[in-house]
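Only one structure is covered here, and it is reproduced in the block below.
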Amino acid sequence: MAQDSLDLPLNLEFWLNKAVAWGQAATLESQQDVCLHLPQLQKFLQQIYETLKHMDFSVAIQRFPLIGQLLGRLCWNPFVIGYDENQKILMWCLCCLYCSEPQNPIELEANIWIRSLLCHLLSSSKLGLNEVGIVSQALGYTSADYFPRLLKNMVLSLVTELRVNHLNGFSIRKMKKIILSESALFSLWLRHLPSLEKATLHLFENLLSRHRNSPEEMECFIKESLLPQAACHPSIFRIVDEIFRNALLETNGTSEVLTIIQVFTRCFVQAFQKDNEQLKFPLKSYFPYASSCLIMALLQNPKDLPRGFWYQHLNYISEILKKTVEDQSFQSRGSVFEHWFSLVHFGEWADIAAEELLMLRAESPTGLLWLLAFYYNPHNQNQERTQTVVDAREAHGCIMKLFRKTPLSVKDLQAVAGESREADTRHPYSQRLIRHLLLNFLLLSPEGQKIAQEFLTIQTDELADEFLNLIAHTTYRWNHLGIETVRPGRLARDLLQELQCHRAESASL
């Protein structure tokens, strides 16, 4: 080793001459010569590193005054850095020359030059994120210094590939898509807001434009977009959520938009629980305007609670919301909307409340009725929500009487739905809530199951669409809860298929 150290200055001069002759290996002759010497060059670079790691900057420059020129030229030679471990060894050598506390202008300028070379090497390297992070932290700079160069290199590579393909006679229209790794895509979305907004809007428009999208299909599209996984970072979640918020306001809360938000939230929660086992970010980072106890209650997976505790849990959610939105000192249009928006994300609990209202015949349904009324009508101008509770209580009472009626007729259901009246004066929000309860009655009661198809097929197109969406959403939720194997689940699935066929046949006539 001592003899090798004595030979270093002589060898360094030899390799510097080679590096000057090679340039950036633009000619065939220089490329052949580089390839011929690469194994010996790697051994020499390893020898340099073993020597430099025991020296500080001033000693290294005094001992090897040409070291900077050599390393600088080698770092820009693609054949050199592309061979085996050369790129990594060059980075190690540069790190040895870096001054953690520069004492003079020369050392300061050297640091700037070294950082520039390392950014170049990192932007074209195949190092893992951990190795990149170690180098970054050691030198005191962030990913913001090298990611722009990484993006620039990717674009230049793509342009070069397109030019080569075009010259070789390939059609440009048949080029491959740019496929980024998940980590690269997430970094792009974090650093470039327009790309995140465009990806979210594209997903949203894609889901809305697909006719009769089932929640299962939505879930596949949403997961393939990688947005739920990326949303584990609060900054991304808040931007995506803001787009959903605006869509909800502009469409006045249509069932399609509600379903998209709820399916996306389910996908996000799955990714969050998988990726956030050590609670990297608090829940407040994702839902800053809602109370923590409400979010914790809504996040509770029904599968993790015994069925007998659902009613109690729903009453707890209802109490939190009612206390908050009816508190005069807290009451404001913005705060009420934020709590309703939180409930919309986890609309599964509202669906369960509608079922529990019919299952728990001996219990007082006040809390559940209020929760459903708030879900369907968060506004209370002119006592609208209060009237929705009254309408829901009346309809609930009528439906409970139907459980005891045999035989049951379609006219009985139409009477509850208000279809037998000349003019149904109930608010549209109340009508939607009552139809939700009626659908659950059809699925959960033996008599309702007998006439379910007859009742649903005589609805108007608009109402039939609403019932179809409700059934699709119900079957999706029951599938996750494992209820699809019991009679109500099978009935809901069969009804959905029969109604879809019926609608398709009607449309073709």
Side-chain angles (χ1 to χ4, degrees), residues 1-2 4-26 34 41-83 85-127 129-153 156 187 191:
M1 184 66 184
D4 290 342
S5 180
L6 292 174
D7 293 340
L8 264 180
L10 182 62
N11 290 337
L12 193 149
E13 187 174 354
F14 167 80
W15 287 113
L16 178 59
N17 291 333
K18 280 291 184 186
V20 172
W22 292 338
Q24 294 189 27
V34 172
L41 175 61
Q42 180 168 305
K43 291 180 181 179
F44 175 71
L45 290 175
Q46 184 69 43
Q47 185 182 1
I48 287 181
Y49 168 67
E50 294 296 334
T51 303
L52 290 179
K53 70 180 182 180
H54 301 293
M55 300 180 178
D56 59 22
F57 174 81
S58 57
V59 174
I61 294 300
Q62 184 178 2
R63 179 80 180 276
F64 309 114
L66 301 177
I67 188 67
Q69 293 187 48
L70 174 63
L71 295 178
R73 290 181 177 275
L74 293 178
C75 285
W76 286 99
N77 190 308
F79 282 76
V80 171
I81 63 176
Y83 178 75
E85 297 291 313
N86 275 357
Q87 189 175 34
K88 188 181 294 186
I89 299 172
L90 283 168
M91 291 172 64
W92 290 344
C93 292
L94 290 169
C95 288
C96 291
L97 295 176
Y98 188 81
C99 302
S100 57
E101 297 180 1
Q103 302 296 319
N104 52 62
I106 295 177
E107 293 182 353
L108 188 61
E109 287 297 321
N111 275 1
I112 296 174
W113 173 78
I114 290 170
R115 284 167 64 121
S116 175
L117 281 178
L118 284 169
C119 284
H120 162 68
L121 292 175
L122 284 170
S123 67
S124 58
S125 74
K126 296 182 179 180
L127 296 177
L129 291 179
N130 290 337
E131 292 174 296
V132 170
I134 291 173
V135 174
S136 303
Q137 293 175 8
L139 300 181
Y141 65 88
T142 67
S143 58
D145 296 310
Y146 62 84
F147 267 130
R149 295 186 182 223
L150 173 61
L151 184 60
K152 181 180 179 181
N153 281 355
L156 288 175
S187 297
R191 293 174 50 79

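We're numbering straight along the sequence, starting at 1.
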Looking only at heavy atoms, what is the nearest atom pair of [X] and [Y], with distance?
X: Glu85; Y: Gln42; answer: N-OE1, 3.4 Å
X: Asn77; Y: Trp22; answer: ND2-CB, 3.7 Å
X: Leu71; Y: Leu94; answer: CD1-CD2, 4.2 Å
X: Gly72; Y: Trp113; answer: CA-CZ2, 3.9 Å
X: Leu12; Y: Ile67; answer: CD1-CD1, 3.8 Å
X: Cys99; Y: Asn111; answer: O-ND2, 2.7 Å

Apply the side-chain contact (heavy atoms from CB on, under 4.5 Å) test between Asn86 and each candidate in Leu45, Leu74, Ile81; give the one that qualifies. Leu45
Flag yes if more than 12 heavy atoms outside Ile106 fall under 6.0 Å of its CD1 atom; otherwise flag no. no
[atom1]/[X] to [atom2]/[Y] distance, rounded to the nearest 0.5 angstrom?
X: Leu52; Y: Gln47; atom1: CG; atom2: CD; value: 10.5 Å
X: His54; Y: Tyr49; atom1: NE2; atom2: OH; value: 8.5 Å
X: Glu107; Y: Ile61; atom1: CD; atom2: CD1; value: 9.5 Å

Apply side chain to side chain contact (heavy atoms under 4.5 Å, CB included) to Leu117 and Trp76, showing your working. CA-CA 9 Å; Leu117 281 178; Trp76 286 99; 3.5 Å; yes
Residues at least two apart in sequence or cross-chain that pass salt bridge (Lys or Arg N to Asp or Glu O under 4.0 Å) with Lys53, listed by chain then number, are Glu50
Check against side chain to side chain contact (heavy atoms under 4.5 Å, CB included), Phe64 and Leu70: CA-CA 10 Å; Phe64 309 114; Leu70 174 63; over 6 Å; no
Tell me whether Asn17 contacts the main-chain N or O of Glu13 through its side chain, where contact means a donor paired with an acceptor under 3.5 Å. yes
